[in-house]
Amino acid sequence: TVSGKAGNQMDWSVTNAFKSFKDMEPKSVMDMALLPNIDPIDIGLGSSEKGNANAVTTAKPRKKTMTSVYLKFFETAPDGKSRRCKFCGQSYSIATATGNLGRHLGNRHPGYDKSGDAVSNSAPQPTTTVIKKSQPQAKVSHVDYDHLNWLLIKWLIVASLPPSTLEEKWLVNSYKFLNPSIQLWPGERYKAVFREVFKSMQEDVRASLDQVSSKVSIALDFWTSYEQIYYMSVTCQWIDENWSFQKLLLDICHIPQPCGGAEIYHSLVKVLKMYNIENRVLSCTHDNSQTAVLACHTLKEDLDGQKVGPFCYIPCAARTLNLIIDDGLRTTKPVISKIREFLLELNASGEMTEDFIQLTTAYQEGSWKFPLDASARWSGNYQMLDIVRKASKSIDAVIRKYEEKLGNRMLLNSTEKNAVNIVHQYLEPFYKTTTNICTSKVPTIGLVLFFMDHISETIAVCRDSRLSPDWLKNAAEDMAIKARNYNNQVCNIFTYMTAILDPRIKGELISESLSSENYLEEARTHFMRYYSTSHFPSMTSGYSAQEIEDGGSVSFAEEIARKKRRASLSTATDELTQYLSEPPAPIPTDVLEWWKVNSTRYPRLSVMARDFLAVQATSVAPEELFCSKADEIDKQRHCMPHDSTQAFLCIRSWTQGGIKLKFKSTEIDYERLMELAASAAADNSTAGSDKKQK
């Protein structure tokens with residue numbers, strides 16, 4: 001228990017705490033509780049030795065009690081001048097303090113008190129004494145406990161755990177075991193700190209967006225928590241002046257009932273105004289839901305009415321592709337479920353895994369990396385199709401060997417294997433497409449539409465082929481409908497301009513649905529209106545300052561000549577025409593690096609490219625939808641309580657993006673904090689060595 005005075009010192013004040021943090025010597029900053037390899041009993045013993053020198057009458061009985069605990073694990077040498085450890089044989093002088101003997105046992109032989117005879121009933125007595133002796137340390141360095149609590153906050157963020165985790169009594173008991181005087185903050189204080197950190201970091205996010213000179217694009221994602229609360233995340237993307245892609249979570253919004261388009265619109269506008277970007281938003285990528293489409297349509301009408309500039313909204317290509325693939329898997333889902341059950345058993349058993357590896361080697365059925373992906377995401381479903389097609393003999397052999405454990409329900413018959421082979425072959429281009437999108441540094445609109453065109457062609461071939469079974473043709477028909485709906489929504493002048501500004505796509509690889517001379521003329525008009533004049537005022541007039549001073553007193557012939565020169569200048573500076581006339585760059589080209597190198601050749605067009613290439617084809621990172629990583633994200637979102645969702649998820653995203661964790665005006669320097677912890681450990685080790693020498 002902590003005394004009343006110590007308890008008052010525990011009351012946390014960030015101003016005083018961090019003032020002490022900066023002014024303290026490193027050796028006194030971190031409490032010994034942060035060093036799990038130090039036994040708190042040893043600390044108590046070491047801290048009591050000096051006091052015994054001035055109080056002989058009271059110290060002797062205690063020392064005698066403690067001696068009886070440790071000396072039973074040492075034997076005295078025949079000459080009576082040294083003691084030797086019964087476990088390892090290390091010798092100590094007969095005058096060595098019992099605290100050092102106890103430290104030796106704790107460090108070298110953890111659990112030593114359980115290895116021999118049971119300790120006598122007097123053993124708990126020194127423990128009680130040690131707790132009392134360790135309390136003054138807590139009074140002197142009470143700020144250390146704040147440091148411990150800040151480290152726990154970092155742990156919660158990294159591990160994606162809600163603040164209520166620290167209210168678990170066994171976690172608290174574990175810290176009490178290390179140091180009985182440790183004082184963790186109450187759960188409500190952790191929540192209050194998280195809210196204050198969120199406000200402080202939000203100011204930094206707002207300040208960073210104020211420095212962005214280009215247009216920005218936003219993306220919306222939605223989910224429902226275990227408390228049946230509907231949330232929307234708003235993410236902002238842009239390309240900075242160094243041609244690096246930047247992505248920043250703006251907010252997590254609770255969408256009130258009835259969670260329709262109007263509620264989404266009002267929540268979105270509130271976020272845009274809070275960050276002062278409502279006049280700089282070029283596009284919004286949504287999750288394809290009708291409510292999101294309605295909200296984006298209302299936002300477009302609002303922005304068009306204010307005449308703040310062009311704005312477009314587009315559906316998420318990744319979600320569309322995921323729905324298309326799901327139709328393709330429809331017939332084989334029962335088979336995939338059986339395969340998944342087998343893979344989970346295989347991953348869980350080292351013996352079965354070893355047998356499978358040996359069998360695949362013997363049958364030459366490829367090498368497989370464990371654990372195998374058994375998720376219900378597209379990556380896991382394709383792995384199951386892949387392993388059945390390539391390693392069916394090994395699978396059958398393992399199931400038969402462990403039939404008593406697995407039964408024969410997991411064995412696939414010839415019809416099921418044939419269906420798997422057909423679907424695997426059909427969906428292989430889809431898997432390559434999603435892999436390319438997931439691994440692309442910047443999955444631009446142009447590149448994604450290029451792949452979606454290929455997907456549409458693959459579906460059409462399957463649907464029209466006489467070799468395709470009827471069940472696959474029916475699936476292909478449903479897939480084609482979804483692909484057409486996506487194309488109808490995504491094809492407009494804005495996606496056209498975004499596509500052609502990808503130097504790998506330009507006009508040659510543009511989607512057929514976007515190939516239109518009208519689009520090209522509209523793109524040229526947009527470029528000349530918004531990027532030839534507003535960004536470069538010198539292009540607004542063909543007259544020099546001297547000509548203006550002349551008051552227009554030039555001959556009629558000179559006026560005609562100047563008009564022709566201006567027309568010639570306009571043609572020469574039509575960067576869009578020059579750019580499109582050159583062949584496209586190879587597909588592996590880094591788009592942003594290409595524009596960084598060529599921005600001097602196209603100074604005006606590069607400004608337009610910075611704006612439009614930030615328009616995202618997907619509302620979430622593709623790997624967060626197609627891969628098993630999505631399961632972790634869903635679990636974090638679903639399990640987070642309402643009072644922590646906004647602050648926690650935003651702080652986690654911001655720290656991952658490199659923004660420093662900050663409380664009010666004070667930055668929490670975790671690197672420095674850990675350096676001080678290491679320094680405290682080193683000082684303690686040195687002090688222990690000095691005592692041993694004495």
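A parallel orientation is assigned to the rings of Tyr382 and Tyr431, their planes being inclined by less than 30° (bins at 30° and 60°).
Contact check for Phe451 versus Pro443: no side-chain heavy atoms found under the 4.5 Å cut-off. In this structure, Ile481 and Glu477 have side chains that are in contact, with non-hydrogen atoms separated by less than 4.5 Å. With contacts defined as side-chain heavy-atom distances shorter than 4.5 Å, the pair Tyr602/Leu576 does not qualify.
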| task | Given side chain to side chain contact (heavy atoms under 4.5 Å, CB included), test Ser468 with Ser465 step by step and report yes or no. | result | CA-CA 6 Å; Ser468 300; Ser465 174; 3.6 Å; yes
| message | Test side chain to side chain contact (heavy atoms under 4.5 Å, CB included) on Asn347 and Thr353; report intermediate values, then the result. | response | CA-CA 7 Å; Asn347 286 336; Thr353 298; 5.6 Å; no
| Check against side chain to side chain contact (heavy atoms under 4.5 Å, CB included), Thr360 and Ser367 | CA-CA 7 Å; Thr360 53; Ser367 59; over 6 Å; no
| request: Applying side chain to side chain donor-acceptor pair (under 3.5 Å), run through Ser289 and Asp287 and close with a yes or a no. | output: CA-CA 6 Å; Ser289 65; Asp287 72 336; 2.7 Å; yes
| task | Could you walk me through whether Arg610 and Asp240 pass salt bridge (charged side-chain N to carboxylate O under 4.0 Å, His left out), step by step? | result | CA-CA 8 Å; Arg610 272 185 63 198; Asp240 65 20; over 6 Å; no
| request: Any chance you could lay out the side chain to side chain contact (heavy atoms under 4.5 Å, CB included) test for Val271 and Tyr275, step after step, and finish with the verdict? | output: CA-CA 6 Å; Val271 173; Tyr275 288 99; 4.0 Å; yes
| What's the verdict on side chain to side chain donor-acceptor pair (under 3.5 Å) for Asn381 and Arg340, showing C-alpha distance, side-chain angles and the deciding distance? | CA-CA 8 Å; Asn381 289 332; Arg340 177 176 291 109; 2.7 Å; yes
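For Tyr231 and His642, the side-chain atoms include at least one donor-acceptor pair closer than 3.5 Å. Ser217 and Trp238 share no donor-acceptor pair across their side chains, judged by distance under 3.5 Å alone. Asn598 and Arg601 are linked by a side-chain donor-acceptor pair at a separation below 3.5 angstrom, with hydrogens and angles left out of the test.
Taking the six-membered ring for Trp and the full ring otherwise, the centers of Phe222 and Tyr230 sit less than 6.0 Å from each other.
What you find for Tyr579 and Ile500 is that their closest heavy atoms are OH-O, 2.8 Å. Heavy-atom minimum distance, Thr320 versus Tyr486: OG1-CD1, 3.5 Å. The shortest non-hydrogen separation linking Pro429 to His454 is CB-NE2, 4.0 Å. Residues Met640 and Pro162 come closest through the heavy atom pair SD-CB, 3.9 Å. Taking all atoms of both residues into account, the shortest heavy-atom contact from Gly507 to Leu580 is N-CD2, 4.4 Å. Taking each heavy atom of Tyr496 and Ala523 in turn, the nearest pair found is CE2-CB, 4.0 Å.
For the pair Arg604 and Tyr531, the cation-pi test (distance below 6.0 Å, angle within 45°) is failed.
A salt bridge links Lys390 to Asp386: at least one charged side-chain nitrogen sits closer than 4.0 Å to a carboxylate oxygen.
From Lys473, atom NZ reaches atom CE of Met479 across 15.0 Å, with rounding to the nearest 0.5 Å. Rounded to the nearest 0.5 angstrom, Ser214 OG and Arg280 CZ are separated by 8.0 Å. Rounded to the nearest 0.5 Å, atoms CD1 (Ile387) and CD1 (Ile339) are 9.0 Å apart. Separation of atoms CG (Leu323) and CG (Asn288) is listed at 7.5 Å; rounding is to 0.5 Å. To the nearest 0.5 Å, atom OG of residue Ser213 and atom CD1 of residue Ile239 are 11.5 Å apart. For the atom pair CG (Asn492) and CD (Glu522), the distance works out to 9.5 Å, reported to the nearest 0.5 Å.
Not counting sequence neighbours, the partners of Pro588 by the side chain to side chain contact (heavy atoms under 4.5 Å, CB included) test are Pro586. The salt bridge (charged side-chain N to carboxylate O under 4.0 Å, His left out) check on Lys482 picks up Asp327, with sequence neighbours excluded. When the salt bridge (charged side-chain N to carboxylate O under 4.0 Å, His left out) test is applied to Glu341, the partners found at least two apart in sequence or on another chain are Arg409. With sequence neighbours left out, the salt bridge (charged side-chain N to carboxylate O under 4.0 Å, His left out) criterion links Asp643 to Lys191. Remark: Glu416 engages Lys338 in a salt bridge (charged side-chain N to carboxylate O under 4.0 Å, His left out) (not counting sequence neighbours). Listed by chain and residue number, nothing satisfies the side chain to side chain donor-acceptor pair (under 3.5 Å) test with Glu278 (two or more places apart in sequence, or in another chain). By the side chain to side chain contact (heavy atoms under 4.5 Å, CB included) test, Leu509 is found to be paired with Phe450, Ile505, Ile587, residues two or more places apart in sequence or in another chain being considered.
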Side-chain donor-acceptor distances from residues 250-265 under 3.5 Å, at least two apart:
unit_1, atom_1, unit_2, atom_2, d
Asp251, OD1, Gln646, NE2, 2.9
Glu263, OE1, Gly260, N, 2.8
Tyr265, OH, Asp302, OD2, 2.9

Which donor-acceptor pairs under 3.5 Å do side chains of residues 612-631 form with protein atoms, sequence neighbours excluded?
unit_1, atom_1, unit_2, atom_2, d
Gln616, NE2, Ala614, O, 3.4
Thr618, OG1, Val620, O, 2.7
Asp631, OD1, Arg377, NE, 3.1

Could you list the donor-acceptor pairs under 3.5 angstrom formed between side-chain atoms of residues 649-659 and any protein atom two or more places apart in sequence or on another chain?
unit_1, atom_1, unit_2, atom_2, d
Arg652, NE, Ile157, O, 3.2
Arg652, NE, Ser160, OG, 2.7
Arg652, NH2, Ser160, OG, 3.1
Trp654, NE1, Leu249, O, 2.6
Thr655, OG1, Ile651, O, 3.0
Thr655, OG1, Arg652, O, 2.9

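Each salt bridge (Lys or Arg N to Asp or Glu O under 4.0 Å) pair with one or both residues in residues 209-222, not counting sequence neighbours, appears once here: Asp221-Arg319, Asp221-Arg637. Evaluation of the salt bridge (Lys or Arg N to Asp or Glu O under 4.0 Å) test over residues 436-460, restricted to residues two or more places apart or in two chains, returns Lys441-Asp590.
Remark: of the listed residues His297, Lys300, Gln489, His297 is the sole one forming a side-chain hydrogen bond (donor to acceptor under 3.5 Å, both in side chains) with Tyr313.
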